[in-house]
Amino acid sequence: MQNENAQGPGDLGRRVAARRRELGLTRAELAARSGMAVSYLAYLEQHAANVGSGALMRLADALGTTPTALLGCGAAGLPSAAGTVGAPA
């Protein structure tokens, strides 16, 4: 049985990218808002990566959401690789 709250490779990054696009932000704009390098943000969006709590809080704040939402805890769906929200696997 699969844990519904398990974080798979790139899940956080796909959520960040989907929310960024939803807000109409470029990576450069989000990087500036969150105090991160554009290259680091690009890496987060494209790879499975562990982020520290401080970086997670800054991203959530810059995206107008919560760390819990970015981590997918209790989420109804996960943005697919194409960037659309689908049902959990």
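- Remark: Met57 CE to Leu70 CG distance equals 10.5 Å, nearest 0.5 Å.
- Remark: Arg33 pairs with Leu25, Ala62 by the side chain to side chain contact (heavy atoms under 4.5 Å, CB included) rule, at least two apart or across chains.
- Residues Val16 and Leu44 fail the side-chain proximity criterion, which asks for heavy atoms closer than 4.5 Å.
- Taking Tyr43 as the reference, His47, Ala49 meet the side chain to side chain contact (heavy atoms under 4.5 Å, CB included) condition, with sequence neighbours excluded.
- Atoms CD and OG, on Glu29 and Ser34 in that order, are 11.5 Å from each other to the nearest 0.5 Å.
- Residues Leu12 and Leu56 form a side-chain contact, since some pair of their non-hydrogen atoms from C-beta on lies under 4.5 Å apart.
- Summarising the geometry of Val51 relative to Tyr40, their closest heavy-atom pair is CG1-OH, 3.5 Å, with the distance given to 0.1 Å.
- Leu30 has its side chain out of reach of Val38: every pair of non-hydrogen atoms, C-beta onward, lies at least 4.5 Å apart.
- Salt-bridge annotation for Asp61 and Arg58: absent, with no side-chain N of the basic residue lying under 4.0 Å from a carboxylate O of the acidic one.
- The salt bridge (Lys or Arg N to Asp or Glu O under 4.0 Å) search around Glu22 returns Arg19, not counting sequence neighbours.
- Listed by chain and number, the residues in a side-chain hydrogen bond (donor to acceptor under 3.5 Å, both in side chains) with Arg27 are Glu45 (sequence neighbours excluded).
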